[in-house]
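All heavy atoms count here, side chains included; hydrogens, waters and symmetry mates do not. Along the sequence shown, residues are numbered consecutively beginning with 1.
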Amino acid sequence: MAINDIAFMKQALKHAETALKRGDFPVGCVLTLNDQIIATGERTGTIDSINNELDHAEINALRQLNKREFHKSIDTDCLTIYCTLEPCLMCFSAIMIHGISRVVYAFEDVMGGGAGIDRSSLTPLYRNHHIEIVSGVCRTESLRLFQTFFSDTKNSYLTDSFLANHVRNQVI
C-alpha cells in the first residue's frame, strides 16, 4: 500500500456517498496521476430500476479522463484508479485498455469482480500490461455504504443478488 492510498480512497468514498444520497448504487472512484486527482466518477443509472449497466463509476471517470486535453500524452504507468468496489470485468477491461498501472479498491465484488481474472490466456490487448492490484483499502467504510444501500427498501438495484447477500452477511 502506498502512502496516499487511504487519502485517495477517502475521496472515492465521498463520491460513493454522493451517489448513495442521490439514490444510486454507492460506488465512487478517483483517478490520480503523480498523486493528483485528474478524474472522478460515481455510479449512475441505478435509480428506479433503470437497467443501465454502462454508467459505472470507473467508466464515468475514464470518460472524464478522455475529455482532458493532455490524456494522450501522459505516462499511463503513473496512473492509479481508486474504486470503492472492485471493478467489474467491463471496467477492469477498460482500465487495462487505458493502460492504468495500478488499481486500488475497497470492497470485493464477489459477484462480478474482474481484478482477479487470469489474464495469461487473454489476447495481447489485455495480457501485455502489468497492473498492480491493492485490495481492502478502507473496506469497512465502503461496506457501511453498501449495507446502508441494501437496507433501504426503496432501493431495488441488485436487491436479491449474490453481492447483496454477501454484504448483508458481513459483520463490521
Does D55 have any salt bridge (Lys or Arg N to Asp or Glu O under 4.0 Å) partners at least two apart in sequence or in another chain, and if so, which?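 Salt bridge (Lys or Arg N to Asp or Glu O under 4.0 Å) list for D55, sorted by chain: R63.
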Do [X] and [Y] have side chains that approach each other closer than 4.5 Å (heavy atoms only, starting at C-beta)?
X: Q170; Y: R139; value: yes
X: L145; Y: T84; value: no
X: N52; Y: T46; value: no
X: D152; Y: L20; value: no
X: L62; Y: I100; value: yes
X: D109; Y: F92; value: no
X: R168; Y: F146; value: no
X: Y126; Y: I97; value: yes

Pair up each side-chain donor or acceptor in residues 6-18 with any protein partner under 3.5 Å, not counting sequence neighbours, and list the distances.
{"residue": "H15", "atom": "ND1", "partner": "E42", "partner atom": "OE2", "Å": "3.0"}
{"residue": "T18", "atom": "OG1", "partner": "K14", "partner atom": "O", "Å": "3.0"}

Count the heavy atoms belonging to other residues, nucleotides or ligands that lie under 6.0 Å from CG of L125, then report whether that count exceeds 12.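 Buried by this count: over 12 neighbours within 6.0 Å.
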According to the interplanar angle, ranging from 0 to 90°, do the rings of F107 and H166 count as parallel (below 30°), tilted (30 to 60°) or perpendicular (above 60°)?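 Ring orientation of F107 relative to H166: tilted.
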What distance separates S151 OG from R144 CZ, expressed to the nearest 0.5 Å?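 So the gap between those two atoms works out to 13.0 Å.
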